[in-house]
Chemist: 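Sending over a structure as structure tokens; questions will come in a sec.
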Amino acid sequence: MSPVTPIQDFPDRSWADDGPTRAVEGIVESGAVLRFPHLGFAIMEGELRFLNPRWADGKAKNISLRWTPNAAVPEMRGATGAALALVALQAMITRYAEQSEAFALRLFPHYRGHLRRGNTSFRPVDVAGRETSWRKDDTRLHVDAFPSNPMHGTRLLRVFCNVNPSGRPREWRVGEPFEAHAQRYLPGIKRPLPGSAWLLERTGITKRRRTEYDHVMLQLHDRAKADAAFQKSSPQARVDFAPGTTWVVFSDQVLHAAMGGQHMLEQTFYLDAAHQQRPEASPRGTLERLLGRELR
Ligand SMILES: [Fe+2]
């Protein structure tokens, strides 16, 4: 296996259902980054004003659309500005959600009917300017896992696009493959304390029960971020995503760190691992194989 996450380039130029790339489920499920250097998101002239951090309200690091089932329109969070301008901003982010969904369905026909649209986020704030705790510091290599939001094994498939207007790349580091990463930290991860999942849910710290799978994923996230030697010396590679580039990853599997850049759009999709082409290639499948038991 490759010592670092592979990046695979594709020539697509269209978000719509008429491009050449299909059936790449096996590649993304193996933990690669799919990169589309010729697939940019068109910012309309009246939208260029939104490429400015002043639209972020300063509380959240992103402006996000939350799609709730049965709601006519999504809820936008994290934005501040005049009401009419915010309507236009919401329309821009909505267009990204729709285009990335059409694109994901074309790329991954096997997932059709099973991908669920999660939040759409617009990030006009410079990565370098964010002040944050070590646990929230996304300039450290990590797999995505959230303290308050246990995923129960549901996959996080993310479509990113760099919309920087002045030529700045989105700078990432990618790290070792998931299996090597799990092997690095699994021996030190203890089982959760009896009753702790119940208590976390009861006190509202978690939105739902934190299963042992979620516990292990969060431990991987935290241990990697807290481990200075790992951050500095583990197998890794710098990857630049130029403006006009789109990339797609399972972010709960690919070790990644955002080192620099400004102005990005991102769409999250949820996929139950059972609907993968190879469910056994999921983080849960890998962890259970390494541990020799199920994670409940
Ligand atoms: Fe992340």
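First listed ligand is number 1; within each ligand, the first listed atom is number 1.
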Chemist: With a 4.0 Å cut-off, would you call E201 and K207 a salt bridge?
Modeler: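 The answer is no: the pair does not qualify as a salt bridge.
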Chemist: Looking at residues at least two apart in the chain, or sitting in another chain, which of them share a side-chain contact (heavy atoms from CB on, under 4.5 Å) with A197?
Modeler: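 A197: side-chain contact (heavy atoms from CB on, under 4.5 Å) contacts with R209.
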Chemist: For the residue pair P109 and A23, what are the closest heavy atoms and their distance?
Modeler: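 Closest approach of P109 to A23, heavy atoms only: CD-N, 3.8 Å.
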Chemist: H152: which residues meet the ring pair (Phe, Tyr, Trp, His ring centres under 6.0 Å) condition with it, sequence neighbours left out?
Modeler: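 Partners of H152 under the ring pair (Phe, Tyr, Trp, His ring centres under 6.0 Å) test: none.
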Chemist: Before accepting this row, confirm whether a basic side-chain N of the pair E294/R284 lies closer than 4.0 Å to the acidic partner's carboxylate O.
Modeler: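 R284 and E294: not salt-bridged.
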Chemist: Count up the protein N, O or S atoms sitting under 2.8 Å from the Fe ion (ligand 1), would you?
Modeler: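 N, O or S atoms of the protein closer than 2.8 Å: 3.
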Chemist: For T154, which residues count as a side chain to side chain donor-acceptor pair (under 3.5 Å) partner, sequence neighbours excluded?
Modeler: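 Per chain and number, T154 pairs via side chain to side chain donor-acceptor pair (under 3.5 Å) with D272.
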